[in-house]
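One structure is given here, and the rest of the page talks about it.
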Amino acid sequence: MRRVAVVGVGISKFGYRPDVSLPELAWEAVKEALDDARLDAKDIEAYVVGNVGGWSSEPLPAVVVGEYCGLAPSSGIRVEAACASGSSAVRTAYHMVASGEADIVMAMGVEKMNESPTPTVVEFIGRAGNYFWEFENFGLTFPGYYALHATAYMNKYGATEADLCEVAVKNHYYGSLNPKAQFQKPITLEECLKSRYVAWPLKLYDSSPITDGSAAVILASEEVAKKITDTPVWIKAIGAANGTSNLSKREDFTGLEAARLAAQRAYRKAGIDPNEPVKYLDVAEVHDCFTIAEIMAYEDLGFAKRGEGYKLAREKQTYIGGVIPVNLSGGLKAKGHPIGATGVAMIAELTRQLRQEVERGRQAPIKKGMALAHNVGGTGHYAFVTILSL
Amino acid sequence: MSTVIEKLREYLDKAEAEQIRQLDQLVAATGLPVYKDPKTGALVWVDVRELRLRFQLSVNKIAKFVEGLSQERLYYTVCKRCGAKYFPPQADCPRCKASDMEWREVSREGELITWTVINVKPASFAHNKDYVVGIVRMPEGFNITAWVDADPSALRPGMRLRLVVGRRPGENYITYWFRPAQ
């Protein structure tokens, strides 16, 4: 297997984007990534599009986006891994380059969730557990799936709704410093605690929004990377795992087994001690579709001991200057969560973090040269942990 | 009396009626199904081709489960070769690759593991009041996800719940749910 570098990244403005069509939205990120790598569309040998769709009108988004962005006739496909579709796109592109099939491959993610009204989007995501056994009769929603975890976690470890809200407060704070974020206003703990319930015990401010957005990263082989950039960021390891479709088949509801497994696999490959991963990492982007997800991520990734993740949030240890800075982009919570684009956006953000080129106030100190992306699809139906290094 | 399907259709139609009326007005006035988004001023084309989806799911291999529901019983499967237990019931055992299953009735009581209240509902459940969904550990060793007919503030982890199979009030089709055991 060949070494693979990220040589160009781009992210669209996230948010409510009725001003652009799906391919126009994709182009915003694609153009930025091409400019960043100083490449043209014709240099891209193959591309992989993370998109879940259903709520948007295009059933074959990879083809439509490829045509608009001038990527035809290179080979392009769409991949799906629920909210981790972006990471699966990066992983597929990584394999294409690592295996020697191609030298320059683009992974992108694009989602226009606002092409459908909110109740329809809620319906679509709710159907994305196990349709017959969870949705047809019981109408579970996505906040509902995570709320089942929040209830179990809070009952077992004594975390409170305020602890969950600490995550939202932090992510909104960093989102306010990120011009690409959907929400650019800090929130207070009180505002979060007073927001209405979406799926008890999770509230509106515990939840990531419905978002339109796109992201793109260009991957290149070592030989090519060294020719086109002085600042390659290497994909050191990708760990992936699946969980069950039915939540009822899970052993416990206080963490995500798939994420734990994906982390172990990535750590082994990257040579990171799984008992002390924070010693190796400068910064992490973790899947905070709901605040409880970020707290479980701290534990699944080994940033905190089991049952103590909420203490990291309570003690503000995941701000810059703490044990490990997490979600300096604003996370899914404030930056927004365009499902297919999220995983790609994490890699783009961390590449910029490692290159030390993000905005003042949300740049992590880069001392060790390693960063981690944790992207969960569904409620641990899929999990990807990607390690980047200088 | 209209069926649950008709009722749901009427509900969704009613919810969409105003939008459809506005779309017709737009087309009548301008000849185009376009409007300026009030929030951003962006020009938006409203799709005139509606896609209605209602899937046909095979329950052929779990016909016994469906038959059980009609008798107000809930069944799971046990692999005759290796003894693996399945709920939701499976017709095939991936553990030993056999497809010879015994159908057994699920116990009537279990323990609540976790729960939530669905406050913001999907479009097709919007006609319901907020409902409680729980995951219950059954003595057989598997869990069951279902509605819990109880005041959520009275629920506790480990609480004993009784399984009910019957016609769901309001929707009138047979399904299963839990309520606090006496």
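Below, chains carry the letters A, B, ... as their sequence lines are ordered, and counting in each starts from 1. Values reported hereafter were calculated over all heavy atoms of this structure, with side chains retained and with hydrogens, waters and symmetry mates removed.
Ring orientation note: the planes of B/Tyr75 and B/Trp103 are nearly perpendicular, at an angle over 60° on the 30°/60° scale. Below 30°, between 30° and 60°, or above 60°: for A/Trp133 and B/Phe65 the angle between ring planes is above 60°, a perpendicular geometry. Using the six-membered ring where Trp is involved, A/Trp200 and B/Trp115 have ring planes that are parallel, under 30° apart on the 30 and 60° scheme. Below 30°, between 30° and 60°, or above 60°: for A/His149 and A/Tyr146 the angle between ring planes is between 30° and 60°, a tilted geometry.
In terms of heavy-atom pairs under 4.5 angstrom with chain B, the leader among A/Ala152, A/Ala150, A/Gly139 is A/Gly139. With chain B as partner, the option from A/Asp252, A/Val122, A/Thr118, A/Val198 having the largest number of non-hydrogen pairs under 4.5 angstrom is A/Val198. Here A/Glu136 is the residue among A/Arg250, A/Glu115, A/Glu136 with the most heavy-atom pairs under 4.5 Å with chain B. Ranked by heavy-atom pairs under 4.5 Å with chain A, the first of B/Val136, B/Thr40, B/Val120 is B/Val120.
At a 4.5 Å heavy-atom cutoff, the contact between A/Asp19 and chain B is made by backbone and side-chain atoms alike. When heavy atoms are compared at a cutoff of 4.5 Å, B/Thr145 approaches chain A by way of both its backbone and its side chain. Only the side chain of B/Val44 comes within contact range of chain A, with at least one heavy atom under 4.5 Å from a heavy atom of that chain. The contact between A/Tyr197 and chain B is made by backbone and side chain atoms together, counting heavy-atom distances below 4.5 Å. With a threshold of 4.5 angstrom between heavy atoms, B/Ser124 approaches chain A through its backbone and through its side chain. Contacts of B/Arg168 with chain A are made by side-chain atoms alone, with heavy-atom separations under 4.5 Å and no backbone atom involved. At a 4.5 Å heavy-atom cutoff, the contact between B/Ala146 and chain A is made by backbone and side-chain atoms alike. Looking at B/Leu51, neither its backbone nor its side chain comes within 4.5 Å of chain A, counting heavy atoms on both sides. Only the side chain of B/Leu57 comes within less than 4.5 Å of a heavy atom of chain A; its backbone N, CA, C and O stay farther away. In this structure, the portions of B/Tyr176 lying under 4.5 Å from any heavy atom of chain A include both its backbone and its side chain. Contacts between A/Arg17 and chain B at a heavy-atom distance below 4.5 Å are absent for every atom of the residue.
Contact check on A/Lys203 versus A/Asp206 returns a salt bridge, with a Lys/Arg side-chain nitrogen under 4.0 Å from an Asp/Glu carboxylate oxygen. Look at B/Glu6 and B/Arg9 and you find no salt bridge, because none of the NZ, NE, NH1 or NH2 atoms lies under 4.0 Å from a carboxylate O.
Exactly one residue among B/Phe87, B/Phe142, B/Tyr86 makes a ring-ring contact (aromatic ring centres under 6.0 Å, His included) with B/Tyr76. That residue is B/Phe142.
Remark: SG of A/Cys192 is found under 2.5 Å from SG of A/Cys165.
Between the side chains of A/Glu111 and A/Asn51, a donor-acceptor pair is found at a separation under 3.5 Å.
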